[in-house]
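As the structure is a computational prediction, the values presented were derived from the model and not from experiment. Hydrogens, waters and symmetry mates are skipped; everything else that's a heavy atom, side chains included, is used.
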Amino acid sequence: MLGLVSAKTTPNATPLHNSFRQNDNHIHKNGNKTPSPLLKRTPSPSFSKPKTKPSKKTLQELRIDESSLDNPDLGPFLLKLAIDTMASGDNQNKALDYATRASISFEISSGPGLDLAMSLQVEAAIYCSRGRLENAIPVLERSIEVLDHKSGSDHAMAKFSGFMQLGDTYSMLGRVDRSISSYESGLKIQIETLGDLDPRVAESCSENGRYLAEAYVQAMQFDEAEKLCQKSLEIHREQNAPASIEEAGDRRLMALIYEAKGEYECALEELVLASMVMIAAGQENEVAAIDVSIGNIYVFLCRFDEAIFSYQKALTVFKSTRGDEYSPVASVYTRLAEVYYKTGKLRESKSYCENALRIFSKPVTGIATEEIASGLAEISAIYEALNEHGEALKLLYMAMKLLKDTPGQRSMIAGIEAQMGLMFYKVGKYGEARSSFENAVAKLRASGDAKSVFFGILLNQLGLASVQLYRIHEAVELFEEAREILEQECGSCHSDTLGVYSNLAATYDALGRVEDAAVILEYILKLREEKLGTANPEVADEKKRLAVLLKEAGRARIRKGNSLVNLLDSSS
């Protein structure tokens, strides 16, 4: 009988379905992203004054004239009211009403042009400030349509602003591909309008290019992100003093890119250079934040003593400058808990988890709910590693309650549900695991994130849960979809893709499609021989599996159906 290779699991993890390849490390890594060290801006247009001068008529006169929306005085007046009301933080519903009516008035009275575009961008900014991101998208797209960037620099820069605002909004919705496309279009227009050497282009390449580079990192397009960041660093060297704060920000982003590529020594070098700049500038809190990032790199390099030293340095600064209840303090506690777990000091690890939970359970004013939910999910992963699954699930449920099922938070909720599904799977609750994975898949599809690497890995996990519930036909469809995505995003030789190939071969064999399974295993064996050599134990296992399949294919007409139980390899 065919015996498939067992999956590689993390230390202390419950053995999983040994016939199938797992991707549980990606669930934690991609489902709950480590926040970028660079602050994201809030999408907002440039609130310059409209070219059409506001009328000196009174509000009562304008209300009378509003019955005729072609009144040229109405649009500028309502737009000014909208901007003033939004800036004051008063009734945002009223601000939105002013902006919407201003857009209608401009559309009717003057038609497409700069004033209408500005009004639409203000309207979209108000939608974003109220969390109605989906409503902002068509408004921003319309603001771009009404402008012709060849009609002058004013039109071009307004169109640039619209594209960048649209990219920010897509980014908050988790639709990274659309975000990247919008940023690229905006930067292209700006460069065409101002030229490569204009100081405004240099400044924008540093600021807006940084957001595009972060979007590339989220989309796992690391080479593109690195090129853009290198260009930004070159611009800083030409335009500013060598040790500018802006350059330090770009170096931190470059370190993030190197970290994502697994080039940890390069990442460490960039962070040290950024730290030196911030020390010279007296930016104490920024130095502490960089120390946390340096500690993360030391963990990847298994230099745990140095990681603890970096974390403790940051902890001392955060406590002295902001107090013990400051959210970054909780984040450092979580990092320390993870390091102590990795070094086998479980009591210290749990103690730091409890310290972090004390802060997250009673947060001070100003801590975003997303930050708390992310922190709870990270602590949950540590409790799971400590085999305290009940406490881990409790924390994930707490994180879920903090988040709302809105477009801007669906991707994060999906990550938490995926983490819950993986935990259910490890303890043998396959029905609950399948339900959690299905919910996560549905949310990612709804948010337009159905082509990412994480989505492909999630489909693989859902397929594994389906196999355990004997829903083999459903599992085949899931594995096939996961294969298509991972082939496109990672390539056919990537380890994640090969894992899905192996799972697909197992399900094909379970359905009696021996020839299909054999073709896949032959391909896997060929790649492993090229990469690992013919004497490697993994290659030997693949050969045995393939030999069994080919033997059965030779007498396929009289072959007995394989039980799913027989697909399991007893070895761990």
Side-chain angles (χ1 to χ4, degrees), residues 29-30 32-43 164 167-168 170-172 174 176-177 179-184 186-187 190-191 201-281 283 285-301 310 314 328 331 335 371 374 453:
K29 184 176 181 181
N30 295 326
N32 302 286
K33 298 184 179 68
T34 302
S36 166
L38 306 169
L39 295 176
K40 279 289 187 183
R41 60 183 173 181
T42 302
M164 300 308 290
D168 291 340
Y170 276 130
S171 178
M172 291 191 293
V176 181
D177 54 339
S179 176
I180 289 173
S181 176
S182 298
Y183 286 145
E184 288 177 337
L187 289 174
Q190 188 185 45
I191 292 173
V201 173
E203 181 183 352
S204 179
C205 241
S206 170
E207 181 182 356
N208 297 317
R210 186 178 301 138
Y211 302 126
L212 176 55
E214 287 191 16
Y216 278 138
V217 170
Q218 290 183 37
M220 300 187 75
Q221 298 178 26
F222 303 127
D223 291 336
E224 290 83 353
E226 184 177 354
K227 289 176 185 176
L228 195 63
C229 203
Q230 286 284 12
K231 181 178 180 181
S232 184
L233 284 170
E234 290 171 7
I235 291 172
H236 281 307
R237 282 193 288 268
E238 294 172 2
Q239 299 286 339
N240 302 317
S244 67
I245 292 178
E246 291 77 12
E247 183 177 334
D250 287 326
R251 291 199 179 279
R252 293 173 69 181
L253 178 56
M254 183 63 81
L256 194 68
I257 295 166
Y258 283 137
E259 179 184 339
K261 295 175 70 175
E263 300 176 15
Y264 301 121
E265 293 289 355
C266 294
L268 186 60
E269 181 181 348
E270 295 292 342
L271 287 171
V272 170
L273 291 172
S275 180
M276 293 169 62
V277 173
M278 291 300 184
I279 290 171
Q283 300 288 325
N285 277 313
E286 292 300 320
V287 173
I290 295 173
D291 281 334
V292 173
S293 298
I294 290 174
N296 295 340
I297 300 299
Y298 281 139
V299 170
F300 283 120
L301 294 170
S310 292
S331 179
R335 301 278 77 76
E371 185 177 355
S374 178
V453 175

What is the distance from atom [atom1] of [X] to atom [atom2] of [Y], rounded to the nearest 0.5 Å?
X	Y	atom1	atom2	answer
Glu269	Met254	CD	CE	11.0 Å
Asn296	Leu256	CG	CG	10.0 Å
Ser310	Ile297	OG	CD1	10.5 Å

Does any non-hydrogen side-chain atom of Met278 lie less than 4.5 Å from one of Ile290? yes
Is there a side-chain contact between Arg251 and Met276 (heavy atoms, below 4.5 Å)? no
Partner residues of [X] under the side-chain contact (heavy atoms from CB on, under 4.5 Å) criterion, sequence neighbours left out:
X	result
Ala255	Ala267, Glu270, Leu271
Ser331	Arg335
Lys261	Phe222, Asp223, Glu226, Ile257, Glu263

At their closest point, which heavy atom of [X] faces which heavy atom of [Y], and how far apart are they?
X	Y	value
Tyr298	Leu268	CE2-CD2, 3.8 Å
Asp291	Ala314	CB-CB, 4.1 Å
Asp168	Tyr183	OD1-OH, 2.6 Å
Gly167	Ser179	O-OG, 3.0 Å
Tyr258	Gln230	OH-NE2, 3.9 Å

Gln283 vs Val277, side chain to side chain contact (heavy atoms under 4.5 Å, CB included): CA-CA, chis, key distance, verdict: CA-CA 9 Å; Gln283 300 288 325; Val277 173; over 6 Å; no
